[in-house]
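Step one of this worksheet: look at the structure below.
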Amino acid sequence: MNLTSDNIAPAHEAVLEALAAANRGPARPYGHDDVNARVEAMLSEIFETEVAAFLVTTGTAANALSLAQMVPPWGAAIGHAEAHVMHDECGAPEFFTNGAKMVGAPGLDGRLTPASLSALLARDFWTPPTHVAPAALTLSQATEAGTVYRPGEIAALTEIARDKGLRVHMDGARFANAVVSTRAAPADLTWKAGVEALSFGFTKNGAMAAEAIVLFAPDLIKNLAERRKRGGHTWSKGRFVAAQIEALLADGLWLDLAKTANARAAELALGLQARELRLAFPVEANEVFVWLPAALHEALKAKGAAYYVWSSDSTAPERRGGKDEVIARLIASFATTSKEIASFLSAIDAVRAPGKKASRSPGTPLF
Ligand SMILES: *Cc1c(COP(=O)(O)O)cnc(C)c1O
């Protein structure tokens, strides 16, 4: 019963096989190999446009390098106040941009809204040289709250950004889950909606360590090769990073894996709701945030259930918890089984009514 993160999952078999295949014989170094070229071509096909891809091995590097291509040291990147780039990257975006400012805007359910973005940009503290100037908008897809942006929502935000001269980055650590959830074309969720650079995550979706910086705006390519090398993310045996991504993109495996993860999260969410537990955010991808009474939380921990306790200012009023309740963050991956979800739910039943067997209706699917 380990629902702490999607990165506790193993690497997918196909990824390990691809690594073994890439290990047969020599290949040109530093990303000048055939696998890298094939991955770039596959990404261009998936996004229905010519893209440039720079592969790295962590999402933090993908985000920080992308933002550094967009934001000068005296600039600001705007994102959701609770975004990964704001809190969970140990200052890497600030470090890679040589000290730009990360500025958070509020928004319910982890999503920025046109109103919150416009309000922040309309503030009077953006006049250089006294103040930093906003230079980029960064959106997380899926968000830290496990919600997703629809193409129209992305376009509305990027239009505001573009009007103010901001570049647009998307943190797609869980982009696959968002594609599956929205059923939108990858192109509609990115460049067609105004996104100029995407950190396309693979690690949480079956890779061992592989992420792609996908550039839709050709001018953002300039000096990224140098910046990535300087940042220590240019693998000399780059084929091994590329091979992981190729394995996941082939035959839509990345979508199949994300579908499984999302389906497991939906099963879990339905089971929790059937047990009258309140979700803190709508469940739209592979993450479930649920309010647990503190006593239930302690009892589940004692039974060996593993998950993180979350805190957020982003829950909607009707989804706020009560006193003595904590938010449990439960994440499903491609490797999570229905059996594991069922044992987590049974553990709740066992705590609440020891010795009794629960019979609950499964409810209707969420998506
Ligand atoms: C996991 C994650 C990342 C990448 O994290 P790394 O540990 O650096 O690979 C980036 N953004 C979000 C939203 C994430 O969940």
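First listed ligand is number 1; within each ligand, the first listed atom is number 1. Position 1 is the first residue of the sequence; numbering continues from there.
Which parts of ligand 1 touch Asn63 is read off a 4.0 Å heavy-atom cut-off, strictly below it: atoms 10 (C), 11 (N). Counting the atoms of ligand 1 from 1 in the order shown, those under 4.0 Å from a heavy atom of Ala173 are 2 (C), 3 (C), 10 (C), 11 (N), 12 (C), 14 (C).
Ligand 1 has at least one atom lying under 4.0 Å from a heavy atom of Arg174. Assignment of Thr203 to the shell around ligand 1 is not supported, since no heavy atom sits closer than 4.0 Å.
Between Glu284 and Arg150, at least one side-chain nitrogen of the basic residue sits less than 4.0 Å from a carboxylate oxygen of the acidic one, meeting the salt-bridge criterion. For the pair Arg278 and Glu325, the salt-bridge criterion is not met [side-chain N within less than 4.0 Å of a carboxylate O]. The pair Arg264-Glu267 counts as a salt bridge, with a side-chain nitrogen and a carboxylate oxygen less than 4.0 angstrom apart.
Between Glu89 and ligand 1, a contact under 3.5 Å exists for no N or O pair. Of the polar atoms of Ser140, none of the N or O atoms is found under 3.5 Å from an N or O of ligand 1, judged by distance alone.
Cation-pi contact between Lys301 and Tyr307: present, with separation from the ring centre below 6.0 Å and deviation from the ring axis of at most 45°.
Of all the listed residues (Gly146, Gly59, Ala92, Ala61), Gly59 holds the heavy atom that lies closest to atom 4 (C) of ligand 1. Taking all heavy atoms of Glu287, Glu144, His84, Lys204 into account, the minimum distance to atom 15 (O) of ligand 1 is reached by Lys204.
With values rounded to the nearest 0.5 angstrom, His169 atom NE2 is found 14.5 Å from Ile78 atom CD1.
Contacts between Asp171 and ligand 1 below 4.0 angstrom, taking non-hydrogen atoms only, involve the side chain exclusively.
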- prompt: Between Thr337 and Glu340, does a side-chain hydrogen bond (donor to acceptor under 3.5 Å, both in side chains) hold up when you go through it step by step?
  reply: CA-CA 5 Å; Thr337 60; Glu340 285 174 90; 3.2 Å; yes

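The hydrophobic clustering, which links ILVMFWY residues whose side-chain heavy atoms are closer than 4.5 Å, places Ile160 and Ile154 together.
Considering only non-hydrogen protein atoms, atom 8 (O) of ligand 1 sits nearest to Thr60 OG1, 2.5 Å.
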